[in-house]
Amino acid sequence: MPWKDSHNWLSAEIMAPLLSFVLAFLRTIYQDQEPRWARRLLESAICGLITLSSGFLINAIGVHGDWKYAGAGGIGFLGTEYIRTVAT
């Protein structure tokens, strides 16, 4: 049973979005981009979700292994404002 394995939480699918969340949260504190804590948490959660979804996208393209989440973590670190700017 995968949920009883103590090493299961170390998988890239879990760690990459979590680390992206932490990185984005620390970045918003350091750069003082968001004045309210709720917005900092939302920005960080969105970056974690961007990391997760881009990891699935990179996997669909055909990149194999944990390297896909290194690229996805870079995308998540850029932040939602940068991704929104590039998308528009």
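Counting from 1, the numbers follow the sequence of the chain as shown. In this text, all values refer to a predicted model and were calculated from it rather than measured experimentally.
Under the salt bridge (charged side-chain N to carboxylate O under 4.0 Å, His left out) criterion, no residue pair touches residues 55-64, with sequence neighbours excluded. For residues 53-64, the set of pairs meeting the salt bridge (charged side-chain N to carboxylate O under 4.0 Å, His left out) definition, not counting sequence neighbours, is empty. For residues 26-59, every residue pair satisfying the ring-ring contact (aromatic ring centres under 6.0 Å, His included) rule, not counting sequence neighbours, is listed here: F25-W37. Evaluation of the salt bridge (charged side-chain N to carboxylate O under 4.0 Å, His left out) test over residues 46-59, restricted to residues two or more places apart or in two chains, returns none. Applying the salt bridge (charged side-chain N to carboxylate O under 4.0 Å, His left out) definition to pairs two or more places apart or across chains, none involves residues 50-64.
When all heavy atoms are compared, the tightest approach of S20 to C47 is OG-O, 3.4 Å.
Atom CG of L23 sits about 10.5 Å away from atom OG1 of T28, to the nearest 0.5 Å. Remark: M15 CE to T51 OG1 distance equals 12.5 Å, nearest 0.5 Å.
One hydrophobic cluster, built from ILVMFWY side chains closer than 4.5 Å, cannot hold both L19 and L26; they sit in different ones.
With sequence neighbours excluded, no residue satisfies ring-ring contact (aromatic ring centres under 6.0 Å, His included) with F21. Partners of I46 by side-chain contact (heavy atoms from CB on, under 4.5 Å), not counting sequence neighbours, listed by chain and number: I50, T80.
Ion pairing of R27 with D32 is absent here, as no side-chain N (NZ or NE/NH1/NH2) approaches a carboxylate O to less than 4.0 Å.
A donor-acceptor contact shorter than 3.5 Å links the side chain of S53 to the backbone of L49.
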